[in-house]
Amino acid sequence: MAADVEGLSQVLRVRREKLEALREKAIQPFAYAFDRTHTAASAVADFEEAEASERLDEAGHGGTATIGGRIVSWRDMGKSAFGHVEDAAGRIQIYFRKDVLGDESFEDLELLDLGDWVGVTGPMFRTRTGEVSVRAESWTLLTKSLRPLPLGKVETDAETGERIVHSGFADQEARYRQRYADLAVHPEVREVFRVRAQVITALRQFLDNEGFLEVETPVLQPLYGGAAAEPFVTKHNALDQTMYLRIADELYLKRLIVGGLDRVYEVSKDFRNEGLSRFHNPEFTMLEWYQAFTDYEQQMDLVERMLLHVLDTVRGGRSLTYGEHEIHFEPPFRRIGLVASLSEALGTDVHEMPDEALVAKAEELGVPDLEGAGRGKVIDKIFGELVEPQLVQPTFVIDHPKELSPLAKEHRADPRLTERFELYIGGVEIFNGFSELNDPLDQRARFEAQASLRAAGDEEAHQVDEDYIRALEYGMPPTGGVGMGVDRFLMMVTNQPSIRDVILFPVLRSED
RNA sequence: GCCUCGCUAGCUCAACUGGCAGAGCAACUGACUCUUAAUCAGUAGGUUCGGGGUUCGAGUCCCUGGCGGGGCACCA
């Protein structure tokens, strides 16, 4: 045992030694369970209520509380000590006195460290400086912490009540790699993930109320599709078959519409084997839904109602601060035609522009990598440069060129376009939906066009999915469908600058 | 994949044109029974991301590798 301790740094060694000392005193350093009567927050609330209704005893004590939590601060005064204990939702100050605890229990406090989990029991009171606290009559060690947490010192601004953290834990890499430590020392990070759960619950609630059925479709797929992206490739040993991790749920969900499950949705992890960025994690959460008998117009209305439901539920308001922007969600959101708005920006009808003029315009804007790009792709690129960044307030961009959308129905009024929308918020694409293509012959033709792109070297083009076409041949009712980038939406709701800040364990290169 | 910035004590950061690697917090010893960034006195703590090179001498300059942040590309 002693040999293990040799190579450790001083701070780790000291804690191991305290662990040994605890064992020698027959103090169990890793308890089995603990019954508490209050959380930190509920204890404070109880005391304040007792105080308000004048139910304190003559010593100023409210009821007795038993709290469990992690020690996050400590101030030793000799024969007394103050510390804060933090649980999932709050922190509370504990006051330890030698004359209350007795000599032995008080001296054992020396074996505690910041980061240890403890249970404490005692009456509640308010200190001279006004903080609601527990006067410890007994305490028990729940878990000894053998590694110091990067706890910053917390100052509460006397004027504003603001919480100021000194030093702390700032290294982004370390925070993502050791999310446990990040969460342990940053209540505001825990809050982001609480909001995340609330948002996903609210989304489910909304769709459930609209009569949708939540379903689960395969993650492991023999053919991938539903988006233009490179997949992760794996292999099933017993079947001796190549499998792909899904890049989208779309084709499976529409098979369910064919089968008569006329309103379905799935909250899914999708996987795309692409670069990483502030807006891209290789595995990410997508919400997709499909609703029979609707078109993209009705789906835009649904998206609006859904967003308002989520914001009302989670934020209690229809505005968000995202970075330097104030974003207001007041329906109906602006709707602009992709080609129409681009024509306006360029001062000339895009449909009338020859291919060469479009390419020239793209090059002028510094769009790289135009090699082999079709007309639709070039238009999309120019749009991305000129219009997209301005779409801060929620804006539906609608009616995309046909070649960009192999799964969307041709526009009923213009065969060059499709009935499709993308909703941009804060300059970022969050939703993508369309009137779903349900003509199996047209679908086959579009797949085959994709297949020839693929043969020409486009790794991201669709493969022909014969089984999906077979499903469409049985007949899919008119259907509107939508996909939502849940992580990106959460970036907006929680005002986080990177997708990694809303994903608990973002993808990183392995440490060794 | 490309550009760029970074990696120094457990944490947050210093260290000039190359010249003994430092501070605050945390830790340890001591004082202190209402403190709250507690305070006061003292002590210890380092593979400066790894490898190689230049130099009398490298945290610092050069080469190479690793990991990360930001940007770009990719992402219909």
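Letters A, B, ... mirror the listed sequences (proteins, then strands); counts begin at 1. Predicted model, so just to flag it, every value in this text is computed and none were measured.
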Side-chain donor/acceptor pairs under 3.5 Å, residues 100-109 of chain A, sequence neighbours excluded:
unit_1   : atom_1 : unit_2   : atom_2 : d
A/Ser105 : OG     : A/Trp139 : NE1    : 3.0
A/Asp108 : OD1    : A/Lys25  : NZ     : 2.6

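- Taking the nucleotide of RNA chain B with the nearest heavy atom to each of A/Glu429 and A/Glu110, the more 5' of the two is matched to A/Glu110.
- Neither OP1 nor OP2 of B/A27 sits under 4.0 Å from any side-chain N or O of A/Arg15.
- Look at the C1' atom in both B/U43 and B/A9: the space between them is 15 Å, to the nearest Å.
- By the 4.0 Å N-to-carboxylate-O rule, A/Glu173 lies close enough to A/Arg177 to be salt-bridged with it.
- A/Ala229 comes within contact range of no nucleotide atom at all, as no heavy-atom separation falls under 4.0 Å.
- Taking every side-chain heavy atom of A/Thr127 into account, B/C34 is the closest of B/G10, B/C34, B/C67.
- Listed by chain and residue number, A/Ile164, A/His166 satisfy the side-chain contact (heavy atoms from CB on, under 4.5 Å) test with A/Glu155 (two or more places apart in sequence, or in another chain).
- Counting only residues at least two apart or in different chains, salt bridge (charged side-chain N to carboxylate O under 4.0 Å, His left out) contacts with residues 271-289 of chain A comprise A/Lys269-A/Glu283.
- Remark: the separation of the P atoms in B/C40 and B/G24 is 11 Å, to the nearest Å.
- Note on A/Lys79: every side-chain N or O is 4.0 Å or more away from OP1 and OP2 of B/C34.
- For A/Glu403, there are no salt bridge (Lys or Arg N to Asp or Glu O under 4.0 Å) partners, not counting sequence neighbours.
- One can place CD of A/Gln172 at 15 Å from P of B/C7, the figure rounded to the nearest angstrom.
- With hydrogens and angles disregarded, no donor-acceptor distance shorter than 3.5 Å links the side chain of A/Glu385 to the backbone of A/Lys381.
- With P as the reference atom, B/U47 and B/U8 are 12 Å apart, rounded to whole Å.
- Which of B/C74, B/G10, B/A76 sits closest to the side chain of A/Glu274 comes down to B/C74.
- Remark: A/Lys381 is not in phosphate contact with B/A76, judged by side-chain N or O atoms under 4.0 Å from OP1 or OP2.
- Considering only residues two or more places apart in sequence or on other chains, A/Phe279 meets the side-chain contact (heavy atoms from CB on, under 4.5 Å) condition with A/Ser277, A/Tyr322, A/Val428, A/Arg488, A/Met491.
- For the pair A/Asp270 CG and B/A76 P, the computed distance is 12 Å after rounding to whole Å.
- Counting non-hydrogen atoms under 4.0 angstrom, A/Gly226 reaches a base of the nucleic acid.
- Look at the C1' atom in both B/U48 and B/C2: the space between them is 29 Å, to the nearest Å.
- For B/G66, neither phosphate oxygen OP1 nor OP2 lies less than 4.0 angstrom from any side-chain nitrogen or oxygen of A/Arg509.
- One interatomic measurement links the two molecules: CG of A/Asp182 to C1' of B/C11, which rounds to 13 Å at whole-angstrom precision.
- Comparing the C1' positions of B/A44 and B/G10 gives a spacing of 14 Å, expressed to the nearest Å.
- Between A/Tyr95 and A/Phe82, a ring centre-to-centre spacing shorter than 6.0 Å is recorded.
- Closest to the side chain of A/Ser80, out of B/A76, B/C34, B/G10, is B/C34.
- A distance of about 38 Å separates the P atoms of B/C56 and B/U12, rounded to the whole Å.
- Straight-line distance from the CG atom of A/Asp171 to the P atom of B/C5: 19 Å, rounded to whole Å.
- The same atom, P, is picked in B/C16 and in B/C61; the two are 10 Å apart, to the nearest Å.
- If you check the side chains of A/His38 and A/Asp46, you find a donor sitting under 3.5 Å from an acceptor.
- Here A/Glu230 lies out of heavy-atom contact (under 4.0 Å) with every strand.
- Within residues 89-104 of chain A, the residues that place at least one heavy atom under 4.0 Å from RNA chain B are, in residue-number order, A/Gln93, A/Tyr95, A/Arg97, A/Asp99.
- The nucleotide whose nearest atom lies closest to any side-chain atom of A/Ala228 is, among B/C34, B/A76, B/A27, B/A76.
- Nearest to the side-chain atoms of A/Ser498 among the listed nucleotides B/G70, B/A76, B/C13 stands B/G70.
- Ring planes of A/His186 and A/Phe169: parallel class, angle under 30° (limits at 30 and 60°).
- Qualifying salt bridge (Lys or Arg N to Asp or Glu O under 4.0 Å) partners for A/Lys402, counting only residues two or more places apart in sequence or in other chains: A/Glu410.
- Straight-line distance from the CG atom of A/Leu437 to the C1' atom of B/A76: 15 Å, rounded to whole Å.
- A/Arg128 has its CZ atom 13 Å from the P atom of B/U33, to the nearest Å.
- The side-chain contact (heavy atoms from CB on, under 4.5 Å) test applied to A/Thr156 returns no partner, not counting sequence neighbours.
- Comparing the C1' positions of B/G22 and B/G65 gives an interatomic distance of 29 Å, to the nearest angstrom.
- You'll find that the side chain of A/Asn432 is closest to B/A76, out of B/G68, B/A76, B/A27.
- The distance from atom CG of A/Asp116 to atom P of B/A26 is 16 Å, rounded to the nearest whole Å.
- The side chain of A/Leu407 has B/A76 as its nearest neighbour among B/C28, B/A76, B/C34.
- Among the protein residues, A/Arg147 comes within range of no part of the nucleic acid, since none of its heavy atoms lies under 4.0 Å from any strand.
- Taking the side chain of A/Asp380 as heavy atoms from C-beta on, and the options B/C28, B/A76, B/A73, the nearest nucleotide is B/A76.
- Residue contacts for A/His84: at a heavy-atom cut-off of 4.0 Å it reaches a base atom on one of the strands shown.
- Among the protein residues, A/Phe383 comes within range of no part of the nucleic acid, since none of its heavy atoms lies under 4.0 Å from any strand.
- Contacts of A/Arg135 with the nucleic acid, taken as non-hydrogen atoms under 4.0 Å apart, include base atoms.
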What string of B, S and - do you get for nucleotides 37-44 of chain B, 5' to 3', when a contact is any protein heavy atom under 4.0 Å? BB-----B
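- In this structure, the salt bridge (Lys or Arg N to Asp or Glu O under 4.0 Å) partners of A/Asp465, at least two apart in sequence or on a different chain, are A/Arg255.
- Applying the side chain to side chain donor-acceptor pair (under 3.5 Å) rule to A/Thr479 yields no partners; only residues at least two apart in sequence or on another chain are considered.
- Rounded to an integer number of Å, the gap from CZ of A/Arg278 to P of B/C74 is 17 Å.
- Residue A/Lys18 is classed as a sugar-phosphate contact, given heavy-atom separations below 4.0 Å to backbone atoms only.
- Using a 4.0 Å heavy-atom cutoff across all strands shown, A/Pro406 reaches at least one base atom of the nucleic acid.
- Using a 4.0 Å cut-off between charged nitrogen and carboxylate oxygen, A/Arg446 and A/Asp442 count as a salt-bridge pair.
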What dot-bracket string describes RNA chain B from 5' to 3', counting Watson-Crick and G-U wobble pairs whose defining distances are under 3.5 Å, with [ ] for crossing pairs and | for pairs to another strand? (((((((..((((.....[..)))).(((((.......))))).....(((((..]....))))))))))))....
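- The cationic atom of A/Arg135 (NZ for Lys, CZ for Arg) lies less than 6.0 Å from the six-membered ring centre of A/Phe125 and within 45° of the ring axis.
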